[in-house]
Amino acid sequence: MYNGVVLAYGAESDRSLSIPGEELADIYAAREFVWWYNGHPDCRNLAPDLKSSDTAVILGQGNVALDVARILLRPTAELARTDIASHALAALEESTIRKVYLVGRRGPVQAACTAKELREILGIKDLVIHIKQADLVTTPADEIEMKNNRIRRRVYELLSKVVTTGHAPVPGQRELHFVFFHKPDRFLESDDRSGRLGSVRLEKTTLKGDESMKQVAVGTGVYEDISCGLALKSIGYKSVAIDGLPFDNYKGIVPNLGGRVLANASQGDMQYETGLYVCGWLKRGPTGIIATNLYCAEETVRLINFRFRKNKIIITIITESLLMYFQSREYLF
């Protein structure tokens, strides 16, 4: 019998775009692709088709999207010196993909990646970067966002520098295209390969909002297609529910207040599940980095400690004599 249980199983599923054509072959979640090249047993047999086209489209511009793009574009001689899974390396050595499109709903100021990850992909040898100069034009609201967020300003500066130093590609050279202000509208089937991906239709967007609120992307009714043989969705992770435990399907989290699990948040009450706590992405959603999760866990631990002290629960501590007893019998700690 436990005085407390902490739910910390994270987010192992993927968000859906819920657009036409999402069921076509050659469309994967970025998580599946990452698991594939990292040797995860669940995706060992994924076998993405890297030889039927020279183009891949990645929907999203966060760190995971950049990681996936880097794997597709980095010279395999360099990948061979890493711990990439052998089956993935063999497939990448035969890959014909030379163009990767990174698609984002908003602009370069709102790109979700960090400067560190961006520098890594921009540093790939002989890679040609494409960014439209018009996409780098900022608004007063953009300037305020960058003033209030150092990471966003640094990412924007790196992207701006790429445009001023870019050069035209030569045949066969690898290319990375940053596509800003576009959102996926539908996946289109190939004309000559039934049930397979042929292209992605994108809708041009514009930003609505000002410096006092988050700028959101809204469609303009203008569309364009990108022909491709592979599409990867890097639009966020989703936690999964466990039978018998509270779960907010809309937010994709276990309902909680500061880490203490709520019995039924949808009813608007504040009834807690006795002795049940949560932390990490399962607590607040799939956002943030390792440091974010550390602060999140600390909040939950402080709450547990407070509850235990308030209820005068005695936490047994191994005494020095008990520790010596185990050590004398060669138990390792």
Side-chain angles (χ1 to χ4, degrees), residues 10-14 21-103 113 116-130 169-179 187-200 226-235 237:
E12 62 178 47
S13 187
D14 308 285
E22 199 167 0
E23 76 286 349
L24 291 171
D26 308 311
I27 302 170
Y28 303 97
R31 172 193 59 82
E32 295 176 301
F33 193 77
V34 170
W35 284 11
W36 171 71
Y37 68 70
N38 279 330
H40 193 293
D42 287 354
C43 291
R44 171 67 174 79
N45 299 316
L46 191 68
D49 183 359
L50 305 179
K51 296 189 290 185
S52 296
S53 171
D54 68 346
T55 302
V57 172
I58 301 173
L59 301 171
Q61 295 179 336
N63 285 342
V64 175
L66 264 61
D67 285 341
V68 170
R70 188 169 66 245
I71 291 295
L72 289 171
L73 293 169
R74 191 175 175 185
T76 52
E78 295 181 11
L79 290 176
R81 296 194 291 270
T82 71
D83 59 356
I84 189 172
S86 58
H87 62 266
L89 180 62
L92 289 163
E93 287 175 336
E94 298 181 358
S95 171
T96 60
I97 292 177
R98 294 296 179 269
K99 301 176 185 177
V100 172
Y101 289 79
L102 278 169
V103 181
C113 61
K116 178 180 181 296
E117 294 292 334
L118 182 58
R119 277 194 296 266
E120 286 192 23
I121 195 165
L122 296 181
I124 293 178
K125 185 178 180 181
D126 297 327
L127 179 65
V128 178
I129 311 295
H130 294 266
V170 298
Q173 195 166 12
R174 304 191 183 206
E175 305 174 31
L176 175 62
H177 297 251
F178 284 89
V179 181
F187 296 103
L188 301 174
E189 186 177 7
S190 171
D191 293 332
D192 53 6
R193 298 191 305 158
S194 178
R196 308 295 294 270
L197 176 67
S199 59
V200 180
I226 299 179
S227 297
C228 60
L230 177 69
L232 300 170
K233 302 175 295 180
S234 184
I235 58 171
Y237 296 96

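Every heavy atom of this structure was used, including side-chain atoms; hydrogens, water molecules and symmetry mates were not.
Scored by the salt bridge (Lys or Arg N to Asp or Glu O under 4.0 Å) test, Glu23 finds no partners at all (sequence neighbours excluded). With sequence neighbours left out, Glu120 forms a salt bridge (Lys or Arg N to Asp or Glu O under 4.0 Å) with Arg70, Lys116.
Separation of atoms OG (Ser95) and CG (Leu73) is listed at 9.0 Å; rounding is to 0.5 Å. To the nearest 0.5 Å, atoms CG (Leu122) and CG (Leu127) are separated by 8.0 Å. Going from atom CD1 of Ile226 over to atom CG of Leu188 covers 11.5 Å, rounded to the nearest 0.5 Å. Considering CZ of Arg31 and OG of Ser234, their distance stands at 11.5 Å, rounded to 0.5 Å. Between the OG atom of Ser52 and the CG atom of Asp26 there is a distance of 7.0 Å, given to the nearest 0.5 Å. We find the CD1-CZ distance between Ile129 and Arg174 to be 13.0 Å, quoted to the nearest 0.5 Å.
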Mind running side chain to side chain contact (heavy atoms under 4.5 Å, CB included) on Val64 and Tyr237 for me, showing each step along the way?
CA-CA 11 Å; Val64 175; Tyr237 296 96; 3.8 Å; yes
Audit row: Leu72, Leu92, side chain to side chain contact (heavy atoms under 4.5 Å, CB included) steps and yes/no
CA-CA 7 Å; Leu72 289 171; Leu92 289 163; 4.3 Å; yes
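The shortest non-hydrogen separation linking Thr82 to Arg74 is CG2-NH1, 4.1 Å. When every heavy atom of Ile27 is checked against every heavy atom of Gly21, the shortest pair comes out as CD1-O, 3.4 Å. The two residues Pro48 and Trp36 make their nearest non-hydrogen contact at CD-CE2, 3.6 Å. Val103 approaches Val57 most closely through the heavy-atom pair CG2-CG1, 4.0 Å. Across Asp49 and Leu230, no two heavy atoms sit closer than the pair O-CB, 4.5 Å.
Relative ring orientation between Phe33 and Tyr37 is described as perpendicular, the plane-to-plane angle rising above 60° on a 0-90° scale split at 30° and 60°.
Note on Glu22 versus Lys233: salt bridge recorded, some NZ/NE/NH1/NH2 to OD/OE distance being below 4.0 Å.
Formation of a donor-acceptor pair under 3.5 Å by the Gln61 side chain with backbone atoms of Leu102 is found in this model. Here the side chain of Thr96 pairs a donor or acceptor atom with the backbone of Leu50 at under 3.5 angstrom. Looking only at distances, no side-chain donor or acceptor of Glu78 sits under 3.5 Å from a matching main-chain atom of Pro75.
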Let me have the donor-acceptor pairs involving side chains of residues 38-46, under 3.5 Å, with sequence neighbours excluded, atom names and distances please.
unit_1	atom_1	unit_2	atom_2	d
Asn38	ND2	Val34	O	3.3
His40	ND1	Asp42	N	3.0
Arg44	NE	His87	ND1	3.3

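Considering His130, Arg98, Lys99 in turn, His130 is the only one that fulfils the side-chain hydrogen bond (donor to acceptor under 3.5 Å, both in side chains) rule with Glu175. Each of Ser227, Ser53, Ser190, Cys228 was evaluated against Leu197; a single residue qualifies, Cys228, per the side chain to side chain contact (heavy atoms under 4.5 Å, CB included) test.
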